[in-house]
Amino acid sequence: MNKKLVSMLKYGALSFILFFSILLPVSATSNTTIIYGEKLNDSQRTQVRETLGVSDDDTYEEHDVTGQDYADFINGNPDSNMYSSARITLESDGSGLEVNILTPDNITEVTKEMYMNALLTAGAENATVDVVSPVRVSGHSALTGIYKAYDVEGVELDKDRMELANDELEVATDLADNDDVSDEDVSTLLTEIKKMIAEQNPVTKEEVEQIVNEQLNNLDIQLNDADRQMLIDLVNRMRDLDIDFGSMKEQLEDITNNLVEKAEDLGLDEGFWQKVANFFSDIFRAISNFFSS
């Protein structure tokens, strides 16, 4: 082939590649973020990545969650020690929220359902969240880490709702410290209260108190006066922020299903949980009928 022709073909091919490289969009930033508790050492960070199953080929961002983040996001103590870590992958609209605790032995207070309930209160949605800690921790700081992941991905969550969600997590673990109240009881109670808020749209403190008392009676949960008031105050704040729990009915139903499955795995009272499931189904139908009318 003529050398001049070969040279022309080479330049033509190069021009073609450059032209289309300009037209093609630049790849977006990864929608997966790994957040490390700032107090973890290098070995522990490696352990976090191993637990998450991260490979060298994976694309993700890495950030630390600090005590200052705790202060910035929810007015927490900036001197707090942060150990809990998480991987957050933002999903497409309509995907819902999925939470997995990959080191359950090291997350001593917060359950999967507690995280899900709190994140829905905060306004987090359409994400897969994997919580991990190489050391034994309560698990509370993971929530701030999740908030930071949303922030670095450019998703702005409402500060008042984030603060409320953090307080909800504190209330949930405080109630679960009661010997007569299990983690499952607390998560079921909070989920059911939110469904009742969606159905009844309470506008007064008295109506909120009635909802709380009714659900405590339905689930046969006994609280002392201080804990009952703490719960009522929390729900009143939900009412004040006018959170649309009706739009979260599928996610709340997922929490219910998780709790029913957990009850079956633990061999808990199947009849009780079936009543709860049937009760929730009635609520969903009522909410569906309300929005379709």
Side-chain angles (χ1 to χ4, degrees), residues 35 37 65 70 73-74 76 82-88 96-125 127-133 136-147 149-150 157 161-197 212 215-216 219 221 223 227 230-231 233-235 237-238 243 245 248 250-263 265-266 268 273 276 280:
I35 301 291
V65 60
Y70 188 35
F73 284 113
I74 55 175
M82 312 295 274
Y83 291 98
S84 300
S85 304
R87 174 176 59 192
I88 300 87
L97 184 66
E98 179 181 350
V99 177
N100 307 295
I101 298 179
L102 302 186
T103 54
D105 291 340
N106 283 345
I107 305 295
T108 61
E109 293 185 7
V110 185
T111 66
K112 169 181 177 177
E113 292 77 24
M114 289 179 187
Y115 279 127
M116 290 183 69
N117 253 319
L119 288 171
L120 288 176
T121 296
E125 56 184 355
T128 300
V129 179
D130 299 311
V131 181
V132 56
S133 177
R136 286 179 64 83
V137 293
S138 68
H140 287 81
S141 64
L143 198 59
T144 304
I146 295 166
Y147 293 159
Y150 273 85
L157 300 178
R161 289 183 61 171
M162 286 191 288
E163 290 181 5
L164 176 60
N166 189 73
D167 291 344
E168 177 183 330
L169 205 59
E170 294 285 350
V171 169
T173 54
D174 284 350
L175 293 179
D177 280 341
N178 187 324
D179 291 338
D180 297 325
V181 182
S182 68
D183 294 341
E184 292 76 20
D185 288 337
V186 172
S187 293
T188 303
L189 176 62
L190 288 170
T191 305
E192 186 171 347
I193 285 173
K194 290 175 183 178
K195 292 171 183 175
M196 289 295 92
I197 292 174
V212 171
Q215 306 326 312
L216 287 171
L219 295 174
I221 296 175
L223 298 180
D227 284 348
M230 177 175 63
L231 180 60
D233 291 342
L234 177 76
V235 180
R237 291 173 61 195
M238 293 179 183
I243 299 174
F245 289 116
M248 309 173 192
E250 290 185 6
Q251 294 291 277
L252 292 169
E253 185 174 11
D254 286 343
I255 297 176
T256 301
N257 292 335
N258 288 336
L259 290 165
V260 172
E261 290 176 5
K262 183 180 291 188
D265 292 340
L266 295 175
L268 300 179
W273 283 98
V276 172
F280 287 160

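Excluded from the calculations below are hydrogen atoms, water molecules and symmetry mates; all remaining heavy atoms, backbone and side chain alike, are included.
With hydrogens and angles left out, the side-chain atoms of Thr121 and Lys194 include a donor and acceptor closer than 3.5 Å. Side-chain atoms of Asp185 and Thr188 form no donor-acceptor pair, as typed in the model, at a separation below 3.5 Å.
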Query - side chain to side chain contact (heavy atoms under 4.5 Å, CB included) between Leu175 and Met230, worked out - result: CA-CA 9 Å; Leu175 293 179; Met230 177 175 63; 3.8 Å; yes
Requested in this report: Test Tyr115 against Val131 for side chain to side chain contact (heavy atoms under 4.5 Å, CB included), laying out the working first.
Outcome: CA-CA 10 Å; Tyr115 279 127; Val131 181; 3.8 Å; yes
Report task. Dump the intermediate steps for side chain to side chain contact (heavy atoms under 4.5 Å, CB included) on Asp180 and Ile221, then the final yes or no. Result -> CA-CA 8 Å; Asp180 297 325; Ile221 296 175; over 6 Å; no
Report task. In sequence, state the C-alpha distance, the side-chain angles, and the governing distance for Ile35 and Ile146, and then conclude on side chain to side chain contact (heavy atoms under 4.5 Å, CB included). Result -> CA-CA 8 Å; Ile35 301 291; Ile146 295 166; over 6 Å; no
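For the pair Arg237/Asp233, no side-chain contact is recorded, criterion being any heavy-atom separation below 4.5 Å from C-beta on. With a 4.5 Å cut-off on side-chain heavy atoms, Ile255 and Leu120 count as touching. Contact check for Tyr70 versus Asn166: side-chain heavy atoms found under the 4.5 Å cut-off. Counting only heavy atoms from C-beta outward, the side chains of Asn106 and Ile101 never approach each other to under 4.5 Å. Residues Leu234 and Leu164 meet the side-chain proximity criterion, which asks for heavy atoms closer than 4.5 Å. Side chains of Glu163 and Ile74 form a contact here, defined as non-hydrogen atoms less than 4.5 Å apart. No side-chain heavy atom of Thr108 sits less than 4.5 Å from a side-chain heavy atom of Val137. Residues Ile243 and Met248 meet the side-chain proximity criterion, which asks for heavy atoms closer than 4.5 Å.
For the side-chain hydrogen bond (donor to acceptor under 3.5 Å, both in side chains) test with Thr191, the passing option among Asn258, Thr256, Asn117 is Asn117; the others fail.
Considering all non-hydrogen atoms of both residues, Ala172 and Leu190 come closest at CB-CD1, 3.9 Å. Across all their heavy atoms, Ser141 and Tyr83 have their closest contact at OG-N, 3.9 Å. Between Ala118 and Leu169, the closest heavy-atom pair is CB-CD1, 4.2 Å. Taking all atoms of both residues into account, the shortest heavy-atom contact from Glu113 to Ser187 is CB-OG, 3.5 Å. Residues Gln215 and Leu189 approach most closely at CB-CD1, 3.8 Å, considering heavy atoms. Heavy-atom minimum distance, Ala176 versus Val186: N-CG2, 3.8 Å.
Rounded to the nearest 0.5 angstrom, Leu252 CG and Asn257 CG are separated by 11.0 Å. Summarising the geometry, atom OG1 belonging to Thr128 is positioned 5.0 Å from atom CD belonging to Glu98; distances are rounded to the nearest 0.5 Å. The CD atom of Glu168 sits 10.0 Å away from the CE atom of Met114 when rounded to the nearest 0.5 Å. Rounded to the nearest 0.5 angstrom, Leu219 CG and Glu192 CD are separated by 4.5 Å. Taken from CG in Asp105 to CZ in Arg136, the straight-line distance is 7.5 Å, to the nearest 0.5 Å.
Under the salt bridge (charged side-chain N to carboxylate O under 4.0 Å, His left out) criterion, Asp183 pairs with no residue at all, not counting sequence neighbours.
Side-chain N or O atoms of Tyr147 include none that pairs as donor or acceptor with a backbone N or O of Ala124 at under 3.5 Å. A donor-acceptor distance shorter than 3.5 angstrom exists from the side chain of Thr103 to the backbone of Ser133, with no hydrogens or angles considered. Not a single donor-acceptor pair under 3.5 Å links the side chain of Glu109 to the backbone N or O of His140. Checking side-chain atoms of Tyr150 against main-chain N and O of Ile88 turns up no donor-acceptor pair under 3.5 Å.
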